[in-house]
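Here, residue 1 is the first one in the sequence, and each next residue gets the next number.
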Amino acid sequence: MSFFNSIGRSMQRAPRPPRRSTTPTSSTFPSTENLPQASPTNPTAPKPLYLCSPFVEAALVKGNFKTIVMLPKYADVMEWVAVNIFDFYQNLNQFYGVLAECCTQQTCPSMAAGPNLNYTWINQDRKSVQLPAPTYIDYVMTWVQNLLDDENVFPTKSGRDFSPNFPSTVKHVYRQLLRVFAHLYHAHYPQILHLRSEGHFNSLFAHFLAFGKEYELLDVKDIKGQPGAPVGVGALWEKWKEMGILES
């Protein structure tokens with residue numbers, strides 16, 4: 001099913017659940033000095049923890065994710081994509097809320113997602129600027145939340161159609177949410193392990209990748225990165241394909 005060949009169809013949607021804000025934990029995280037460290041920014045960095053056994057196999061869902069991303073019978077593809085985008089955002093936002101106290105301007109002065117990769121933000125002057133990771137992520141989450149609340153982008157009332165620009169908008173949303181996933185894996189996987197949430201986070205990310213591939217929301221270059229500056233989770237994408245979790 002090609003999402004971009006299905007523009008123009010819409011259907012009534014049930015009211016959206018109320019907004020859930022980020023929920024930082026109290027002070028239960030141990031010092032990061034006692035936790036395994038994320039990959040340092042150099043070409044000879046050791047294998048990231050998320051690629052090591054048993055963490056790479058940790059999951060709540062066993063088998064291939066293809067079956068759970070397929071368009072349900074009688075469902076409209078625009079509606080299906082919109083609902084899933086909302087769910088991915090909410091779940092990722094909750095994960096980040098728990099990890100937010102570990103992601104500070106001091107610990108994450110840049111939006112790093114690999115040993116040699118730092119994402120930049122395009123400001124109002126259309127210039128690329130380096131931002132601390134928490135600032136970058138706050139910009140992303142605020143922007144996505146505003147889109148979700150915009151009836152012109154994500155219509156919830158009967159009789160409202162999706163905009164012809166909806167596919168390109170959600171593809172941009174997907175790219176930005178991918179960057180948040182990539183940073184959390186790169187910089188905060190030790191904290192995810194401390195919370196014993198690696199199975200939850202891996203399953204959420206695998207679902208996100210499978211859905212993005214199925215509906216053409218995910219560019220391979222975004223998940224793999226550029227020569228000399230690969231995205232850390234690009235290797236996870238390849239590993240899960242080898243394991244049969246994702247489609248090749």
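Closest of all the heavy-atom pairs between Val56 and Trp240 is O-NE1, 3.1 Å. Residues Leu193 and Phe55 share a closest heavy-atom pair of CD2-CD2, 3.5 Å. Closest of all the heavy-atom pairs between Leu209 and Leu246 is CD1-CD1, 3.9 Å. The minimum heavy-atom distance between Leu49 and Pro190, with the atom names listed, is CD1-CG, 4.3 Å. The minimum heavy-atom distance linking Lys62 with Glu57 is given by the pair NZ-O, 3.9 Å. The shortest non-hydrogen separation linking Lys171 to Leu217 is CG-O, 3.5 Å.
Between His183 and Ile137, the closest side-chain pair of non-hydrogen atoms falls below 4.5 Å. The shortest side-chain heavy-atom distance between Leu92 and Tyr96 does not fall under the 4.5 Å cut-off. The closest side-chain heavy-atom distance from Phe181 to Val233 is not below 4.5 Å. Counting heavy atoms from C-beta on, the side chains of Leu99 and Tyr189 never come closer than 4.5 Å. Side-chain contact between Lys213 and Trp237: present, with at least one pair of heavy atoms (C-beta onward) separated by less than 4.5 Å. The shortest side-chain heavy-atom distance between Thr120 and Gln130 falls under the 4.5 Å cut-off. Side chains of Thr135 and Gln105 form a contact here, defined as non-hydrogen atoms less than 4.5 Å apart. Under the 4.5 Å side-chain criterion, counting only non-hydrogen atoms from C-beta, Leu117 is in contact with Val231.
Note: Thr107 OG1 to His188 NE2 = 5.5 Å, rounded to the nearest 0.5 Å. Atom CG of Asn152 sits about 11.0 Å away from atom CG of Leu147, to the nearest 0.5 Å. Here the NZ-SG distance, from Lys239 to Cys52, works out to 10.0 Å after rounding to the nearest 0.5 Å. Here the CD-CD distance, from Gln90 to Gln145, works out to 6.5 Å after rounding to the nearest 0.5 Å. For the atom pair Glu238 CD and Lys241 NZ, the distance stands at 4.0 Å (nearest 0.5 Å). Put simply, CZ on Phe95 and NE2 on His200 are 6.5 Å apart, with the number rounded to the nearest 0.5 Å.
Transitive grouping of hydrophobic side chains (ILVMFWY, heavy atoms separated by less than 4.5 Å) keeps Val83 and Met70 in distinct clusters. No single ILVMFWY cluster, assembled from side-chain heavy atoms under 4.5 Å apart, contains both Ile122 and Tyr119. One hydrophobic cluster, built from ILVMFWY side chains closer than 4.5 Å, holds both Trp143 and Leu184.
Not one N or O on the side chain of Asp138 forms a donor-acceptor pair closer than 3.5 Å with the backbone of Pro134. A distance-only check finds no donor-acceptor pair linking the side chain of Asp219 to the backbone of Lys221 [under 3.5 Å]. Side-chain atoms of Ser203 come within 3.5 Å of backbone N or O of Leu60 as a donor-acceptor pair. Formation of a donor-acceptor pair under 3.5 Å by the Tyr50 side chain with backbone atoms of Asn202 is not found in this model. Remark: the backbone N or O of Pro48 is not paired with any side-chain donor or acceptor of Tyr185 at under 3.5 angstrom. Using a distance-only test at 3.5 Å, with no hydrogens or angles considered, a donor-acceptor pair links the side chain of Asp76 to the main chain of Met78.
None of Tyr215, Phe208, Tyr89 except one satisfies the ring pair (Phe, Tyr, Trp, His ring centres under 6.0 Å) rule with Tyr174; the exception is Phe208. Considering Phe86, Phe162, Phe166 in turn, Phe166 is the only one that fulfils the ring pair (Phe, Tyr, Trp, His ring centres under 6.0 Å) rule with Phe154.
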side-chain contact (heavy atoms from CB on, under 4.5 Å) between Val180 and Tyr136: does it pass, once the steps are laid out? CA-CA 9 Å; Val180 177; Tyr136 189 107; 5.6 Å; no
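Listed by chain and number, the residues in a side-chain contact (heavy atoms from CB on, under 4.5 Å) with Asn84 are Trp80, Phe88, His207, Phe211 (sequence neighbours excluded).
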